[in-house]
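Please read the structure below before turning to the comments.
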Amino acid sequence: MSNINHPRATTVPHVVKEEVMAAGKWVKLEKTTYVDPAGTTRTWESVKRTTRQTNTDSDGVGIIALLKKTLHKDCVVMVKQYRPPLACCTLEFPAGLIDEGESAEAAALRELKEETGYKGEVVGVTPVTCLDPGLSNCTTQMVMVNINGDDQENINPTQQLGKKTGKFVEVILLPLDEFQTKIEQLLKKDKIIVDAKVYIFAMGMAQAFFKPNELPVLKQ
């Protein structure tokens, strides 16, 4: 039991004002003045996107796309791309920003087609979720998509990135039942950083596929 004495919460925390310190085309740096639960006025530096549309509370979408093909293992469609802020390549779910007037579902299908060439069907969408709340107000919705690998359009998919986008995306297919293992193999092979959402999903899949077999009743 902790003996630490925390300040008593006497106030509903709230933002007083936000001041732009620097701004670029895609992001801006702000100083936020706020009141904490103890009633103390404080400041916080944060990064915000300049691109959030008026019709949504979500900046973008991430796509968990499962490629399903007859007589083949289900595979997760991943993308590998160079990320300048990290100065290396990352392994991520396909993702992108939501356009004006666009739903999360529509954005997910568009981005999936652009980055991977696959055409899919949305089967689930998360609520709006935060990404790094200590740094930014950036939010996303994860969209689950099934891809019919037997569909003619998905047999030899073609990316639709366009030469002017500056995107160079490598599509990687990883079997769902070996997802974490295959990621570990990639990490040993290449200098690459895995997106946190991807690795958390991999850990969950590992638990789902293998942990039940560790129960004593199933070992007999």
Side-chain angles (χ1 to χ4, degrees), residues 20-30 44-53 56-67 75-99 102 104 107-118 120 126 128-145 147 157-176 179-205:
V20 176
M21 301 170 66
K25 180 179 179 180
W26 300 101
V27 296
K28 58 185 176 181
L29 174 65
E30 286 190 352
W44 195 283
E45 293 176 355
S46 59
V47 178
K48 296 183 179 180
R49 289 189 180 275
T50 61
T51 52
R52 183 179 295 178
Q53 303 301 320
T56 179
D57 291 323
S58 181
D59 289 293
V61 292
I63 305 116
I64 303 176
L66 299 182
L67 178 62
C75 286
V76 186
V77 181
M78 306 299 301
V79 293
K80 176 184 174 183
Q81 57 186 318
Y82 183 78
R83 292 297 197 182
L86 293 171
C88 70
C89 286
T90 59
L91 182 68
E92 309 173 31
F93 292 123
L97 299 175
I98 296 175
D99 288 342
E102 195 174 41
L109 295 179
R110 174 181 55 77
E111 287 289 349
L112 180 67
K113 185 68 175 178
E114 289 177 4
E115 293 193 353
T116 72
Y118 285 110
T126 69
V128 175
T129 59
C130 58
L131 293 171
D132 192 349
L135 174 67
S136 173
N137 74 335
C138 190
T139 55
T140 191
Q141 287 176 267
M142 300 303 297
V143 181
M144 181 72 77
V145 174
I147 300 169
T158 302
Q159 293 169 296
Q160 299 180 355
L161 297 174
K163 294 182 179 180
K164 294 183 179 181
T165 63
K167 279 188 175 182
F168 298 89
V169 178
E170 177 185 349
V171 179
I172 299 175
L173 303 179
L174 299 179
L176 182 62
F179 194 50
Q180 187 172 11
T181 299
K182 293 299 182 181
I183 288 175
E184 296 292 349
Q185 292 174 359
L186 286 174
L187 289 173
K188 292 178 181 178
K189 179 182 176 182
D190 298 322
K191 183 179 183 294
I192 190 172
I193 292 180
V194 182
D195 183 276
K197 298 184 294 297
V198 171
Y199 208 89
I200 290 169
F201 180 77
M203 293 173 71
M205 288 298 98

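As the structure is a computational prediction, the values presented were derived from the model and not from experiment. Numbering starts at 1 and runs along the sequence shown.
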Inset, instruction - Report the distance from atom CG of Leu97 to atom OG1 of Thr140, rounding to the nearest 0.5 Å. - result: 9.0 Å
Inset, instruction - Return the set of residues passing ring-ring contact (aromatic ring centres under 6.0 Å, His included) with Tyr118 (not counting sequence neighbours), or none when no residue passes. - result: none
Inset, instruction - With sequence neighbours left out, write down each residue that passes side-chain hydrogen bond (donor to acceptor under 3.5 Å, both in side chains) with Glu115, or none if nothing qualifies. - result: Lys167
Inset, instruction - Find the distance between CD1 (Ile200) and CG (Asp195) and round it off to the nearest 0.5 Å. - result: 8.5 Å
Legend entry - Check against side chain to side chain contact (heavy atoms under 4.5 Å, CB included), Ile147 and Leu112: CA-CA 10 Å; Ile147 300 169; Leu112 180 67; 4.0 Å; yes
Inset, instruction - For Glu92, check salt bridge (Lys or Arg N to Asp or Glu O under 4.0 Å) against everything at least two apart and list the hits. - result: Arg83
Inset, instruction - Please examine the side chains of Leu186 and Leu174, heavy atoms only from C-beta on, and report whether any two atoms are closer than 4.5 Å. - result: yes
Inset, instruction - List in chain and number order the residues that pass salt bridge (Lys or Arg N to Asp or Glu O under 4.0 Å) with Glu102, two or more places apart in sequence or in another chain; answer none if no residue qualifies. - result: Arg110
Inset, instruction - Applying side chain to side chain contact (heavy atoms under 4.5 Å, CB included), run through Leu66 and Val145 and close with a yes or a no. - result: CA-CA 6 Å; Leu66 299 182; Val145 174; over 6 Å; no
Legend entry - Residue pair Leu131 / Pro133: nearest heavy atoms and the distance that separates them: C-CD, 3.8 Å
Legend entry - For Pro94 against Val77, the heavy-atom pair lying closest together: CD-O, 3.3 Å
Legend entry - side-chain hydrogen bond (donor to acceptor under 3.5 Å, both in side chains) against Asn137, all qualifying residues, sequence neighbours excluded: none
Inset, instruction - Sequence neighbours left out, what pairs pass salt bridge (Lys or Arg N to Asp or Glu O under 4.0 Å) with at least one residue falling in residues 130-140? - result: none
Legend entry - Qualifying residues under side chain to side chain contact (heavy atoms under 4.5 Å, CB included), relative to Val27, sequence neighbours excluded: Val47
Legend entry - Partners meeting ring-ring contact (aromatic ring centres under 6.0 Å, His included) with Tyr199 (sequence neighbours left out): none
Inset, instruction - Please collect all salt bridge (Lys or Arg N to Asp or Glu O under 4.0 Å) contacts where either partner lies in residues 181-193, sequence neighbours excluded, each pair once. - result: Lys80-Asp190
Inset, instruction - Measure the shortest side-chain to side-chain distance between Leu187 and Ile192 over non-hydrogen atoms and say whether it is less than 4.5 angstrom. - result: yes
Legend entry - Nearest heavy-atom neighbours spanning Leu109 and Gly120: CD2-O, 3.4 Å
Legend entry - Minimal non-hydrogen separation, Arg49 against Cys138, with atom names: NE-SG, 3.4 Å
Legend entry - Contacts of type side chain to side chain contact (heavy atoms under 4.5 Å, CB included), residue Ala202, not counting sequence neighbours: Phe179, Gln180, Ile183
Inset, instruction - Could you tell me whether the side chain of Lys197 reaches within less than 4.5 Å of the side chain of Ile64, counting heavy atoms only? - result: no
Legend entry - For the student: nearest non-hydrogen atoms of Ser58 and Val128, plus distance: CB-CG2, 4.1 Å
Inset, instruction - Check each of Val79, Leu91, Thr116 against Ile172 using the side-chain contact (heavy atoms from CB on, under 4.5 Å) test, and report the only one that passes. - result: Leu91
Legend entry - Validation row: Met142, Phe201 side chains within 4.5 angstrom (heavy atoms): no
Legend entry - Which residues share a side chain to side chain contact (heavy atoms under 4.5 Å, CB included) with Thr50, sequence neighbours left out: Lys28
Inset, instruction - Please report the shortest heavy-atom distance between Ile98 and Gln53, naming the atom on each side. - result: O-CG, 3.1 Å
Legend entry - Distance (rounded to the nearest 0.5 Å) between Ile63 CD1 and Met78 CE: 11.0 Å
Inset, instruction - Mind checking the OG1-CD1 spacing from Thr90 to Ile193? Nearest 0.5 Å is all I need. - result: 8.0 Å
Inset, instruction - Would you please name every residue forming a side chain to side chain contact (heavy atoms under 4.5 Å, CB included) with Lys113, sequence neighbours left out? - result: Glu153, Gln160
Legend entry - Pair Val76-Phe93, side chain to side chain contact (heavy atoms under 4.5 Å, CB included): steps then yes or no: CA-CA 9 Å; Val76 186; Phe93 292 123; 4.0 Å; yes
